[in-house]
**Student:** 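Here it is: the structure, laid out below.
Treat the numbers as computed from the prediction; the structure is a model and nothing was measured. Chain naming here is simple, since letters A, B, ... match the order of the sequence lines and numbering starts at 1 in each.
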Number of protein chains: 2
Amino acid sequence: MAYAEVFSALADPTRRHILEALRHEPKTVGELAEGQPVSRPAVSQHLKVLEAARLVSVEPRGNRRLYLVRWDGLEDLRQYVEHFWSDVLSAYGAEIARRAEKT
Amino acid sequence: MAYAEVFSALADPTRRHILEALRHEPKTVGELAEGQPVSRPAVSQHLKVLEAARLVSVEPRGNRRLYLVRWDGLEDLRQYVEHFWSDVLSAYGAEIARRAEKT
DNA sequence: CATCTTTGTAAGCCATCGCTTACGGTAAGG
DNA sequence: CCTTACCGTAAGCGATGGCTTACAAAGATG
């Protein structure tokens, strides 16, 4: 899994805003660019990064391109965080138990 | 919440390795640097970034400094991903329902 | 007190990033 | 057709990132 691509994709504020704008429904590049403080080509470049990170996908609609959040890419991220989280938590619990045992 | 700091901290492979090395037990800078392909000062700089992102914390032990994973910082990240995840999922479910209704 | 160990910080260098403007290509519409 | 709308890509520029080496500070150790 290429976590570097996913995390660095989410590191940029504009990219997170774009992704959050796609949370509820797919949108075209123009619609996405309208809500952002940067130019439309910049949004295109951001979308390219998000696509490489498997966080969005495209569906051509005639002249336009409809971008939407990718289900599976998000799931991978979720699992990574969840896994790490449970590891830290269990280590924390083991440490507590070790201290209790030492009394 | 400063998600940019968290995600850009996790974007770097070396920083992820450092964090994963701290998953089960705290370690000193020297111990952490030993497992990495970069110099010890580089590890120090990475730890500074991880600390600013609230992903690790420090406990001075005499001459050394013991680094450990921060519980709450990780929880914030987990909640962000989980929240986003559920949003996308519910939107996905609503779309399915809308299509079923249109038959 | 002198020395060694452990670590953070400063400076400098090269690569990468994010932005803009300019351009090309393809679909839509008169 | 000819023009307009929508979008991706190339080029170039300033800013940021990650690394190294060199140095400084502070505790451990004799």
**Student:** Measure from the side-chain heavy atoms of A:Arg65 and tell me the nearest of D:dC19, C:dT9, D:dG8.
**Tutor:**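 Nucleotide nearest to A:Arg65's side chain: D:dG8.
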**Student:** Considering all heavy atoms of both residues, which atom of A:Val56 and which atom of A:Leu47 are nearest to each other, and what is their separation?
**Tutor:**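 It is CG2-O, 4.0 Å.
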**Student:** Checking only heavy atoms, does the side chain of B:Gln45 share a donor-acceptor pair with the base of C:dT7 at less than 3.5 Å?
**Tutor:**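 Per atom types, no contact qualifies.
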**Student:** Might you point out which heavy atoms bring B:Arg54 and B:Asp72 nearest each other, and give the distance in Å?
**Tutor:**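 Closest heavy-atom pair between B:Arg54 and B:Asp72: NH1-OD2, 3.8 Å.
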**Student:** Identify each atom pair where a protein N or O and an N or O of nucleotides 26-30 of chain C are less than 3.5 Å apart, giving names and distance.
**Tutor:**
none

**Student:** Please report, rounded to the nearest Å, how far the C1' atom of D:dG18 is from the CG atom of B:Leu50.
**Tutor:**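 Between C1' of D:dG18 and CG of B:Leu50: 13 Å.
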**Student:** Taking everything shown except B:Arg64 itself, do over 12 heavy atoms lie less than 6.0 Å from its CZ?
**Tutor:**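 No, not enclosed.
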**Student:** Using a 6.0 Å cut-off, check whether atom CD of B:Glu34 has over 12 heavy atoms from anything other than its own residue.
**Tutor:**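 No.
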**Student:** Rounded to the nearest angstrom, tell me the gap between atom CD in A:Gln36 and atom P in C:dG18.
**Tutor:**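 Answer to the nearest Å: 14 Å.
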**Student:** Specify whether B:Tyr3 and B:Phe7 have parallel, tilted or perpendicular ring planes, treating 30° as the upper limit for parallel and 60° as the lower limit for perpendicular.
**Tutor:**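 The rings of B:Tyr3 and B:Phe7 sit tilted, inter-plane angle from 30° to 60°.
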**Student:** Given A:Glu95 and A:Arg98, is the salt bridge (Lys or Arg N to Asp or Glu O under 4.0 Å) satisfied, shown in steps?
**Tutor:** CA-CA 5 Å; A:Glu95 174 62 22; A:Arg98 204 173 311 139; 2.8 Å; yes
**Student:** Mind listing the N/O atom pairs, protein and nucleotides 1-3 of chain C, below 3.5 Å?
**Tutor:**
none

**Student:** Is there a salt bridge (Lys or Arg N to Asp or Glu O under 4.0 Å) between B:Glu101 and B:Arg99 once you walk through the steps?
**Tutor:** CA-CA 5 Å; B:Glu101 196 174 329; B:Arg99 294 199 187 183; over 6 Å; no
**Student:** Out of D:dT21, C:dT9, C:dT20, which has the shortest distance to the side chain of B:Ser39?
**Tutor:**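 Per side-chain heavy atoms of B:Ser39, the pick is D:dT21.
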**Student:** Respond yes when some side-chain nitrogen or oxygen of A:Tyr67 is under 4.0 Å from OP1 or OP2 of D:dG8, and no when none is.
**Tutor:**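 Yes.
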**Student:** Rounded to whole Å, please give me the gap between NZ in B:Lys48 and C1' in C:dA10.
**Tutor:**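 Distance check: B:Lys48 NZ to C:dA10 C1' gives 10 Å.
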**Student:** Whole Å only: how far is the NE2 atom of B:His46 from the P atom of C:dT7?
**Tutor:**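 About 16 Å, once rounded to whole Å.
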**Student:** Do the side-chain N or O atoms of A:Arg64 get closer than 4.0 angstrom to the phosphate oxygens (OP1, OP2) of D:dA5?
**Tutor:**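 For D:dA5, OP1/OP2 do not have a side-chain N/O of A:Arg64 under 4.0 Å.
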**Student:** If I take atom CG in residue A:Leu10 and atom P in nucleotide C:dG18, what distance separates them, rounded to the nearest angstrom?
**Tutor:**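 It is 12 Å, rounded to the nearest whole Å.
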**Student:** Do you know which two heavy atoms are closest between A:Val6 and A:Ala53, and how far apart they sit?
**Tutor:**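 Heavy atoms only, the tightest pair is CG2-O, 3.7 Å.
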**Student:** Where along residues 12-33 of chain B does a heavy atom fall under 4.0 Å from DNA chain D?
**Tutor:**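 Those residues are B:Asp12, B:Thr14, B:Arg15.
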**Student:** Closest-nucleotide mapping onto DNA chain C: is B:Pro41 or A:Ser8 further toward the 5' terminus? I mean the 5' end.
**Tutor:**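 The residue whose closest nucleotide sits nearer the 5' end is B:Pro41.
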**Student:** Out of D:dC19, C:dC19, D:dC7, which has the shortest distance to the side chain of A:Ser44?
**Tutor:**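 That would be D:dC7.
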**Student:** Calculate the interatomic distance between A:Leu47 atom CG and C:dG18 atom P; express it in whole Å.
**Tutor:**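 Interatomic distance, CG of A:Leu47 to P of C:dG18: 13 Å.
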**Student:** Would A:Leu22 and A:Leu50 count as a side chain to side chain contact (heavy atoms under 4.5 Å, CB included) if you check the C-alpha gap in whole Å, the side-chain angles of each, and the deciding distance to 0.1 Å?
**Tutor:** CA-CA 12 Å; A:Leu22 293 175; A:Leu50 287 170; 5.9 Å; no
**Student:** Could you tell me whether the side chains of A:Tyr67 and A:Arg65 share a donor-acceptor contact shorter than 3.5 Å?
**Tutor:**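 Result is yes, a qualifying pair exists.
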**Student:** Tell me, yes or no, whether the heavy-atom count around B:Glu25 atom CD, taken from other residues, nucleotides or ligands under 6.0 Å, exceeds 12.
**Tutor:**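 Atom CD in B:Glu25 is packed in, count exceeds 12.
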**Student:** Would you kindly give the CZ-to-C1' distance between A:Arg40 and C:dC23, to the nearest whole Å?
**Tutor:**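 Rounded to whole Å, this separation is 11 Å.
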**Student:** If you take all heavy atoms of A:Ser8 and A:Arg15, which pair is closest and at what distance?
**Tutor:**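 Between these two residues, the closest heavy atoms are O-NH2, 3.0 Å.
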